[in-house]
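Working notes, structure below.
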Amino acid sequence: MIIKAYHPNGTPDLRRWLVQCDACPAQGPLLGSEEWFIPKNPDMFMYCPGCADYFTMRLISTGLSCAGCGNPNLKLKRVGHHPSSRTQDAVCGHCDSYLNPYTGWHFIDPPF
Ligand SMILES: [Zn+2]
Ligand SMILES: [Zn+2]
């Protein structure tokens with residue numbers, strides 16, 4: 001949601017408007033929130049960059065199959081060790097190839 005603020009004279013004070021993630025407590029200034037997922041329709045949920053990645057990867061992992069072997073069974077795996085990191089790879093349960101939201105598919109050679 002967007003938390004609005006107003007000048008004493010009642011006009012919107014855009015510099016103090018905040019975006020609040022609808023899936024976690026993350027909050028930030030509306031100005032400079034390019035990485036947030038903010039739908040045009042104000043009735044839809046908005047997500048901070050971490051949650052947007054998370055939900056994008058959930059959608060990808062259920063709608064996509066492995067580009068390496070065609071296996072539709074992709075699992076989500078958290079990237080990095082920082083506890084606040086919600087970026088996830090979609091990992092193939094068959095050949096271990098994985099899809100990273102920023103760098104694309106990485107193929108693991110099958111063991112011979
Ligand atoms: Zn969030
Ligand atoms: Zn695979």
Side-chain angles (χ1 to χ4, degrees):
M1 72 184 126
I2 291 178
I3 300 167
K4 299 175 181 176
Y6 295 91
H7 292 293
N9 68 7
T11 59
D13 184 356
L14 286 173
R15 279 178 308 170
R16 285 168 47 222
W17 286 29
L18 297 173
V19 277
Q20 158 88 58
C21 180
D22 286 306
C24 81
Q27 209 179 62
L30 180 65
L31 300 177
S33 62
E34 294 83 11
E35 302 207 328
W36 286 60
F37 175 75
I38 300 176
K40 295 249 185 313
N41 179 345
D43 294 331
M44 287 172 64
F45 288 146
M46 51 189 69
Y47 298 115
C48 71
C51 290
D53 281 348
Y54 176 78
F55 287 112
T56 304
M57 292 311 290
R58 287 248 320 242
L59 284 177
I60 287 173
S61 74
T62 52
L64 207 74
S65 52
C66 173
C69 71
N71 172 27
N73 177 22
L74 301 181
K75 296 192 183 72
L76 289 175
K77 208 160 117 186
R78 186 185 300 267
V79 177
H81 302 289
H82 196 273
S84 74
S85 168
R86 301 188 70 171
T87 301
Q88 309 222 353
D89 284 338
V91 183
C92 175
H94 181 69
C95 72
D96 283 340
S97 296
Y98 62 96
L99 176 64
N100 179 277
Y102 299 105
T103 57
W105 277 101
H106 296 258
F107 300 110
I108 310 293
D109 289 327
F112 291 111

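Read the numbers this way: they start at 1 and go in the same order the structure lists the ligands and their atoms.
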Exercise. Can you find a side-chain donor-acceptor pair between D53 and Y102 that sits under 3.5 Å?
Worked result: yes
Exercise. Do the ring planes of H106 and Y98 sit parallel (below 30°), tilted (30 to 60°) or perpendicular (above 60°)?
Worked result: parallel
For this session: Using the Zn ion (ligand 1) as the apex, give the angle to atoms SG (C51) and SG (C21), rounded to 10 degrees.
Result: 110°
Seminar exercise, completed: Residues passing the salt bridge (charged side-chain N to carboxylate O under 4.0 Å, His left out) test with D22, sequence neighbours excluded, are none
Exercise. Rounded to 10°, how big is the angle at the Zn ion (ligand 2) from C69 SG to C92 SG?
Worked result: 100°
Problem set entry | Short N/O/S contact of H94 with the Zn ion (ligand 2) (below 2.8 Å) | no
For this session: With rounding to the nearest 0.5 Å, note down the distance linking CE in M57 to NZ in K77.
Result: 12.5 Å
